[in-house]
Amino acid sequence: MNYEPRNLLVTGGAGFIGANFVRHWLRKRGDCRVIVFDALTYAGNLDNLSGLERDPRFLFVKGDICDEAAVHGLLEAQRIDTLVHFAAESHVDRSILGPDDFIRTNVVGTHALLKAAKSAWIDRKLVPAHRFHHVSTDEVFGSLRPEDPAFHESTPYAPNSPYSATKAASDHLVRAYRETYGLDTTVTNCSNNYGPYQFPEKLIPLIIINILSGKPLPVYGDGRQVRDWLHVEDHCRGIELALLCGQAGEVYNFGGNSETTNIEIVRTLCTLADERMAERSDLWALYPAAPGAQGKRALDLITHVRDRPGHDRRYAINFAKAQRDLGYSPARNLEQGLRSTLDWYLTQTSWWQSLLGRDYAAWMQKNYSRPG
Ligand code: NAD
Ligand code: DAU
């Protein structure tokens with residue numbers, strides 16, 4: 001290991017990947033303090049961090065990454081030497097309905113963080129060593145045809161959605177702060193994550209919850225779009241490696257070796273959910289609307305709906321560089337990962353049901369009642 005953070009700031013640490021990362025880090029690394037900085041938008045949830053408030057190494061601060069003065073104050077007051085930047089508007093469908101929040105948080109917010117980091121770490125030299133790690137996405141590379149090779153770190157950028165365009169812009173800003181001001185940066189571009197604490201607007205938790213609730217399972221278009229699914233815990237391990245062993249100024253891709261069509265993902269979840277219901281009659285009372293509790297098949301809930309505009313057809317990741325330079329490789333296979341994720345949602349009913357009571361239900365009603 002080359003680099004040892006002492007005081008780590010995690011932006012967006014109350015979101016899906018951020019919360020998993022904070023838990024992973026506190027489990028794995030001894031005496032480093034972790035300060036989560038999060039605006040608690042619809043996607044941020046303090047329940048994702050519950051239990052950690054008892055850990056003396058953990059602190060939560062509510063705030064907006066666009067507030068450069070607040071970020072600078074925090075870097076100084078907490079003697080932050082390392083920043084892992086997850087905070088973002090992250091859902092492609094929302095970016096299509098309204099790009100403005102994406103420009104603000106993903107572009108302006110990332111730039112505010114970079115300015116604060118430069119001021120604290122380069123101009124005022126408040127700590128002896130620093131690192132700014134930016135968490136990005138494979139979506140910046142655009143869409144692949146079936147015969148195309150997987151994305152690698154020098155694949156030209158070709159973002160197709162407002163979301164991916166703002167992530168691409170933020171990647172370029174991070175690069176510019178490295179090249180121009182000498183900020184110590186690392187960037188990782190990752191494929192689709194799944195696992196515990198994922199907000200149920202994303203495909204896998206949405207499908208699980210709809211099966212358990214006996215609701216239609218919306219598949220966009222023909223469902224033949226391909227994603228490379230990665231369990232969130234494998235992603236967190238990758239970020240830890242990039243932070244500790246990555247070279248300043250470098251970019252690393254992370255993938256899951258699990259290219260799969262959306263329709264296959266949905267069918268697999270249907271099969272796994274039916275199997276669980278058949279094995280465990282105690283679940284029938286908890287989820288009476290689930291097909292498995294009524295002697296029916298979850299597969300019959302699949303409903304093809306109008307496709308997402310500009311829908312990327314295929315993502316695939318070549319992670320040979322991360323494997324060679326960081327020792328990264330995904331540990332979980334997709335079926336194991338889907339099984340454990342389904343089991344997590346089966347047991348964490350109150351976590352997701354409290355979200356259904358927030359704006360989720362109304363948003364789903366408005367945006368997903370559109371069979372094709
Ligand atoms: P998420 O939507 O679950 O969480 C985002 C978090 O950021 C929330 O806690 C939210 O409250 C916070 N946030 C939003 N705007 C903020 C602001 N202005 N100031 C402070 N906090 C703010 O997202 P996620 O799925 O956990 O993704 C985390 C990061 O990883 C994002 O940058 C995303 O682009 C990237 N990424 C995600 C995936 C994936 O599959 N989910 C894959 C690759 C990369
Ligand atoms: O590739 C990494 C990206 O993965 C991240 O950068 C994004 O933050 C993250 O949201 C995710 O983007 P996707 O658009 O790929 O994820 P989503 O879960 O929204 O959709 C996955 C696929 O499933 C996509 O092809 C669209 C499709 N889909 C999605 C939903 C919500 C459906 O068919 N039906 C649905 O209801």
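Remember, it's a predicted structure, so these values are computed and weren't measured experimentally. These values consider heavy atoms only, across backbone and side chains, with no hydrogens, waters or symmetry-generated copies. Remember, it's 1-based here, ligands and their atoms both numbered in the order they're listed.
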Identified ring-ring contact (aromatic ring centres under 6.0 Å, His included) partner of W344 from the options W351, Y194, W352: W351
Location of contacts on T105 toward ligand 1, heavy atoms closer than 4.0 Å: side chain
Sub-4.0 Å atoms of ligand 2 with respect to non-hydrogen atoms of P218: 32 (C), 33 (O), 34 (N), 35 (C), 36 (O)
Charged N-O contact under 4.0 Å between D234 and R332: yes
Trace of the salt bridge (Lys or Arg N to Asp or Glu O under 4.0 Å) decision for R33 with D81: CA-CA 11 Å; R33 294 172 64 239; D81 52 18; over 6 Å; no
Check ion pair K296-D274 (N to O, under 4.0 angstrom): no
Identity and distance of the protein heavy atom lying nearest atom 30 (O) of ligand 1: V135 CG1, 3.5 Å
Distance (rounded to the nearest 0.5 Å) between R175 CZ and T180 OG1: 9.5 Å
Presence of salt bridge, K115 and D123, under 4.0 angstrom: no
Selected option - heavy-atom contact closest to atom 22 (C) of ligand 2, from N262, I317, V219: N262
Contact partition for L206 relative to ligand 2, non-hydrogen atoms under 4.0 Å: side chain
For atom 9 (O) of ligand 1, the option (of D38, L113, T137) bearing the nearest heavy atom: D38
D31 and R57: CA distance, side-chain angles, deciding distance, salt bridge (Lys or Arg N to Asp or Glu O under 4.0 Å) verdict: CA-CA 7 Å; D31 51 359; R57 297 169 299 166; over 6 Å; no
Taking atom 10 (C) of ligand 1 as the reference point, the nearest protein heavy atom with its distance: T41 OG1, 3.3 Å
Protein heavy atom at shortest distance from atom 19 (N) of ligand 1: I65 N, 3.0 Å
Proximal ligand 1 atoms for A43, defined as those under 4.0 Å from one of its heavy atoms: 2 (O), 8 (C)
For D64, atoms of ligand 1 separated by under 4.0 Å from a heavy atom: 17 (C), 18 (N), 19 (N)
Atoms in ligand 2 with a heavy atom of Y163 nearer than 4.0 Å: 5 (C), 6 (O), 7 (C), 8 (O)
D171 side chain to H134 side chain, donor-acceptor N/O pair below 3.5 angstrom: yes
Nearest neighbour in protein (non-hydrogen) for atom 21 (N) of ligand 1: A39 N, 3.1 Å
Numbering as shown, the atoms of ligand 1 that approach S136 to under 4.0 Å (heavy-atom distance): 43 (C), 44 (C)
Polar side chain donor-acceptor pair, E139 to Y315, under 3.5 angstrom: yes
Contact atoms of ligand 2, heavy-atom distance to T137 under 4.0 Å: 1 (O), 2 (C), 3 (C), 5 (C), 6 (O)
For Y315, the ligand 2 atoms whose distance to one of its heavy atoms is below 4.0 Å: 1 (O)
Charged N-O contact under 4.0 Å between K321 and E153: no
Pair H133, T82: side-chain N/O donor-acceptor within cut-off below 3.5 Å: no
Per-atom contacts, ligand 1 versus G12 - under 4.0 Å to a heavy atom: 6 (C), 7 (O), 9 (O), 12 (C)
Residue, atom name and distance, where the atom is the protein heavy atom closest to atom 2 (O) of ligand 1: S90 OG, 2.7 Å
Best match, S191, S164, A88: closest heavy atom to atom 5 (C) of ligand 1: A88
Proximal ligand 1 atoms for F86, defined as those under 4.0 Å from one of its heavy atoms: 28 (C), 29 (C), 31 (C), 32 (O)
Note, R94 side chain near F102 side chain (heavy atom, < 4.5 Å): yes
Which segment of V92 sits under 4.0 Å of ligand 2 when only heavy atoms are counted: side chain
Carboxylate-amine/guanidinium contact D64 R104, below 4.0 Å: yes
Note: D138-R227 ion pair, threshold 4.0 Å (strictly below): no
Within-shell test, E201 vs ligand 2, heavy atom, strictly < 4.0 Å: yes
For atom 3 (O) of ligand 1, closest protein heavy-atom neighbour: F16 N, 3.1 Å
Selection from H91, Q225, R314, H311 by shortest heavy-atom distance to atom 25 (O) of ligand 2: H311
Donor + acceptor pair across side chains of H85, T110 (<3.5 Å): yes
Contact check, C66 vs ligand 1, heavy-atom distance below 4.0 Å: no
Proximity to ligand 2 by part of E139, non-hydrogen separation under 4.0 Å: side chain
Residue portion contacting ligand 1 (non-hydrogen atoms closer than 4.0 Å) for L40: backbone
Residue selection (non-hydrogen contact nearest atom 39 (C) of ligand 1) among D67, I17, T166: I17
Shortest protein contact, atom 4 (O) of ligand 1 (heavy atom only): G15 CA, 3.4 Å
Heavy-atom proximity to atom 34 (O) of ligand 1, best of Y42, F37, W229, Y163: Y163
Atom indices of ligand 1 within 4.0 angstrom of K167 heavy atoms, with elements: 31 (C), 32 (O), 33 (C), 34 (O)
Ion pair check, E240 and R237, cut-off under 4.0 Å: yes
Proximity of D138 to ligand 2 by residue part, where a heavy atom lies under 4.0 Å: side chain
Nearest heavy atoms of A242 and T186, plus distance in Å: O-CG2, 4.1 Å
Aromatic plane relationship, Y328 with F254 - under 30° parallel, 30 to 60° tilted, over 60° perpendicular: tilted
Taking atom 40 (O) of ligand 1 as the reference point, the nearest protein heavy atom with its distance: N193 N, 2.9 Å
Which of the ligand 1 atoms, numbered from 1, are nearer than 4.0 Å to a heavy atom of N192: 40 (O)
Proximal ligand 1 atoms for G63, defined as those under 4.0 Å from one of its heavy atoms: 19 (N), 20 (C)
Candidates L49, T41, N48 - the one meeting side chain to side chain contact (heavy atoms under 4.5 Å, CB included) with N45: N48
